[in-house]
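Taking it in order: structure first as structure tokens, then the write-up.
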Amino acid sequence: MRTELHRDLVNPLTAVRNLGILAHVDAGKTTVTERILYVTGTTHKRGEVHDGTTVTDFDSQERDRGITIFAAAVSCAWDGHRINLIDTPGHVDFSDEVARSLRVLDGAIAVFDAVAGVEPQSESVWRQADRYGVPRIAFVNKLDRAGADLDAAVASIRERLHPAPLVVQMPIGVEDGFIGVVDLPRMRALVWADGRDSVEEGPVPDDLLDEARRRRRVLEEAVAELHPGALEEFCAESALSARTLEGALRDLTRTGDGVVVLCGSAYRDRGIEPLLDAVVAYLPSPLDVPAVRGVRAEERDGDLDSGEEKRVADPAAPFAALVFKVNATATGRLTYLRVYSGTIRKGEAVAVCGAGAGALRTERIGRILRVQADRHAQLDRAVAGDIVAVVGLKAVRAGATVCAPGAPLVLEPPTTAEPVVSVAVEARARTDTDRLVSALTRLVEEDPSLVVRTDPETGQTVLSGMGELHLEVAVEKIRRAHGLDVRVGRPKVAYRETVVRGVTGHVHRHVKQDGGAGQFAHVVLDVEPLPTASGTAGDSATGFEFRSVVVGGRVPQEYVRAVEAGCRDALSEGPLGGHPVTGLRVVLTDGATHPKDSSEMAFRTAGRFALREALRASAMVLLEPVVEVTVTAPEDSVGGVLGDLAARRGRVSDSTTRGGAGAGMGAGTGAGTVVITATVPLAELFGYATRLRSRTQGRGTFTALPTGYAPAPAAASAPSPMSDGTPAR
């Protein structure tokens with residue numbers, strides 16, 4: 001089934017697929033990627049995660065930890081199509097890396113464990129794909145495991161993710177006896193014999209024929225309910241032809257109205273060829289997705305003139321590409337691009353804008369590389385639909401737009417989540433301080449979800465990220481890549497403050513007269529909690545609302561905007577402990593101006609001080625980040641696990657028992673497993689992995705998903721985000 005990429009297509013873009021592999025930790029993303037590379041002939045040896053020989057997990061930390069940390073791009077050819085593939089991380093701490101990848105992809109394969117079904121991070125990445133409108137197909141992996149159940153996994157997809165799963169395959173054999181699948185649209189059997197690399201195609205076995213016909217009928221009915229063209233044929237013929245069925249499946253996948261479900265075992269090389277066929281048949285090419293939207297940015301007399309513009313995937317259109325990853329190495333910077341329109345050749349000049357780039361500036365492309373994880377092949381050019389890396393861009397960050405200088409366009413960047421955990425870092429040797437600053441700067445260039453700042457109270461350098469593992473990986477990268485010996489302070493979570501009872505009619509009068517033009521601003525504010533927010537909004541951009549009800553022109557509109565800007569300035573530090581404030585509404589009810597001394601600056605200053613005073617007069621509460629923890633543990637350890645969660649202020653919301661060794665726990669002992677879901681403050685989870693292993697004799701695992709903020713206990717203090725920098729290790 002292996003073929004080379006055709007070069008004589010009428011439109012080569014129809015033969016391009018840009019897709020990602022999405023899944024929960026240990027569902028088999030990297031193994032699926034490795035088997036795809038092997039089956040397509042890109043590699044000639046199967047890489048294994050447990051051996052540290054995979055192509056995409058090439059970083060030393062990934063191989064040491066056995067998980068994907070950094071998104072890795074690879075390219076291969078199948079059935080005349082070029083497949084650009086990104087293997088994404090599965091751990092929640094690296095969800096920002098997943099978001100940046102999804103922003104530039106046209107489709108995705110969602111991998112699910114046939115035993116566990118939909119797991120917490122599976123749901124999280126699925127919602128991220130929904131947010132970016134990425135069409136998906138599902139691959140239920142590990143059907144060779146004890147307890148594997150395709151129907152149960154599909155039921156969990158339907159119940160937790162709420163798509164319409166369209167199952168196009170039926171397994172042949174169960175658990176260790178799984179040897180192949182029945183292709184329901186074409187009613188054929190695909191069998192992978194042990195010791196053979198290729199799949200054998202044949203008729204459906206007689207003992208499975210009735211069940212295959214039943215499942216084919218269920219598939220036809222489900223497709224007919226969702227697709228008008230299929231419904232018309234189904235009503236006329238009481239059945240669907242293979243051609244109609246596959247065409248309808250393609251349409252439903254690309255519109256998101258249905259999700260094609262396939263199955264197999266990547267580790268045993270079973271199910272990869274039909275998965276690739278499904279990628280080619282159902283997922284969209286760059287021509288099948290809507291034209292990318294951007295904001296036209298033209299510099300005229302020092303000002304940026306902007307307006308919305310669309311760019312279609314056309315190599316002849318003006319060049320436009322989005323930066324989704326930067327790898328700052330000791331030998332230079334690799335900038336990863338998704339080219340949306342136009343053509344770029346090495347040596348050409350490009351304009352850079354967006355993602356904090358400021359005014360338009362011009363840089364030159366030195367080299368263009370086809371990415372194969374940590375290996376690269378040089379190209380003369382890149383065209384619309386390509387995912388490539390370039391060398392030569394010196395100050396570009398993820399989210400920036402690279403475009404033709406004569407037709408500048410700013411594309412929407414991927415969203416960046418707000419950090420929730422911080423640690424203090426410092427070089428053990430004072431002579432290494434400058435090197436540490438350089439290493440931290442390089443880290444932030446590569447990963448926008450990391451934030452570096454200096455604590456104003458202690459003068460310490462504070463590194464903030466998405467979780468404990470995220471920060472551990474970042475610090476270890478400093479140690480390995482830069483040879484620095486650093487000390488790390490105890491982790492601190494990012495607290496917030498919110499209003500539980502506001503104030504009405506708070507008056508602030510800002511008057512300043514020290515010679516020359518003075519400053520005058522008079523404002524009256526009401527402060528109240530947002531009706532739907534009790535601190536659950538994670539940042540001040542979504543947890544703050546400003547309104548003006550001033551009548552009679554007592555405060556001109558330009559001064560109203562200045563008051564709002566001043567109020568936003570005041571949100572950076574709350575009265576309880578200097579933490580950001582969220583979940584409140586400010587209403588400007590009245591004010592007054594002076595004919596000479598009033599200005600936007602005066603009203604901005606008045607808004608800032610007025611809100612600070614109003615917050616001190618309001619009833620405030622400290623908020624702490626909370627996460628939903630899913631613990632999988634043996635039944636005989638449940639008591640200890642529940643007790644430990646209670647000691648960590650956890651609130652158990654669900655508990656489900658899985659029988660026998662099917663879940664992979666207690667295998668050989670006959671013990672079942674229990675899956676416990678609880679809400680736990682993030683601050684209480686530091687070191688939980690070690691404690692869980694000790695209570696379950698190494699058999700327990702857990703995952704954690706951020707769910708927002710909740711009020712901290714009344715006894716909790718309101719520490720500065722990094723008031724305690726005592727080295728912990």
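The residues of the chain are indexed from 1 along the displayed sequence.
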Arg293/Glu308 ion pair, N-O < 4.0 Å | yes
Is it true that Arg480 and Glu476 make a salt bridge, defined as a side-chain N closer than 4.0 Å to a carboxylate O?
-> yes
Just checking, is any N or O donor in the side chain of Glu273 or Trp78 under 3.5 Å from an acceptor N or O on the other one?
-> no
Strictly by modelled atom types, are Asp96 and His470 linked by a side-chain donor-acceptor pair under 3.5 Å?
-> no
Keeping [X] on the side-chain end and [Y] on the backbone end, is there a donor-acceptor pair under 3.5 Å?
| X | Y | value |
| --- | --- | --- |
| Thr40 | Leu37 | yes |
| Arg254 | Leu283 | yes |
| Arg35 | Tyr267 | yes |
| Asp432 | Asp485 | no |
| Thr401 | Leu322 | no |
| Arg103 | Glu412 | yes |
| Arg17 | Val280 | yes |
| Glu363 | Lys394 | yes |
| Asp386 | Val383 | yes |
| Thr42 | Tyr38 | no |

Counting C-beta onward and ignoring hydrogens, is there a side-chain heavy-atom pair between [X] and [Y] closer than 4.5 Å?
| X | Y | result |
| --- | --- | --- |
| Val388 | Leu379 | yes |
| Val410 | Arg296 | no |
| Ser285 | His81 | no |
| Ser341 | Val312 | no |
| Arg345 | Asp380 | no |
| Lys325 | Glu446 | no |

Between [atom1] of [X] and [atom2] of [Y], what distance do you get to the nearest 0.5 Å?
| X | Y | atom1 | atom2 | answer |
| --- | --- | --- | --- | --- |
| Leu411 | Cys353 | CG | SG | 8.0 Å |
| Glu119 | Phe112 | CD | CZ | 10.0 Å |
| Arg381 | Thr343 | CZ | OG1 | 6.0 Å |
| Leu440 | Leu450 | CG | CG | 9.0 Å |
| Glu445 | Arg333 | CD | CZ | 4.5 Å |
| Leu275 | Ile36 | CG | CD1 | 5.5 Å |

Do you know the tightest heavy-atom contact between [X] and [Y]?
| X | Y | answer |
| --- | --- | --- |
| Ala382 | Val339 | CB-CG2, 4.2 Å |
| Met466 | Pro419 | SD-CA, 4.0 Å |
| Pro163 | Val259 | CB-CG2, 3.7 Å |
| Pro274 | Gln169 | CB-NE2, 3.4 Å |
| Pro413 | Gly399 | CB-O, 3.4 Å |
| Ala313 | Leu13 | O-CD1, 3.1 Å |

Can you list the steps and then say if Val16 with Leu287 is a side chain to side chain contact (heavy atoms under 4.5 Å, CB included)?
-> CA-CA 9 Å; Val16 174; Leu287 294 176; over 6 Å; no
Just do the side chain to side chain contact (heavy atoms under 4.5 Å, CB included) check on Asn141 and Arg270 with the steps written out, would you?
-> CA-CA 9 Å; Asn141 192 27; Arg270 293 167 186 171; over 6 Å; no
Please name the residue in the list Val279, Val261, Val32 that meets the side-chain contact (heavy atoms from CB on, under 4.5 Å) test with Phe139.
-> Val32
Sort out for me which residue in Ile83, Asp79, Ile109 forms a side-chain contact (heavy atoms from CB on, under 4.5 Å) with Leu276.
-> Ile83
Is the NZ or CZ atom of Arg338 both under 6.0 Å from the centre of the six-membered ring of Tyr336 and within 45° of that ring's axis?
-> no
May I ask you to establish whether Arg136 and Trp126 are in a cation-pi arrangement, using a distance under 6.0 Å from NZ or CZ to the six-membered ring centre and at most 45° from the ring axis?
-> yes
Arg127 CZ: over 12 foreign heavy atoms closer than 6.0 Å = yes
Criterion side chain to side chain donor-acceptor pair (under 3.5 Å) on Asn84 and Ser75, from CA distance to verdict = CA-CA 5 Å; Asn84 298 316; Ser75 184; 3.2 Å; yes
Show the numbers, then the answer: is there a side chain to side chain contact (heavy atoms under 4.5 Å, CB included) between Arg364 and Glu348?
-> CA-CA 6 Å; Arg364 192 169 298 278; Glu348 288 187 350; 5.6 Å; no
Passes side chain to side chain contact (heavy atoms under 4.5 Å, CB included), Leu369 versus Gln378? Steps please.
-> CA-CA 5 Å; Leu369 307 173; Gln378 293 205 37; 3.7 Å; yes
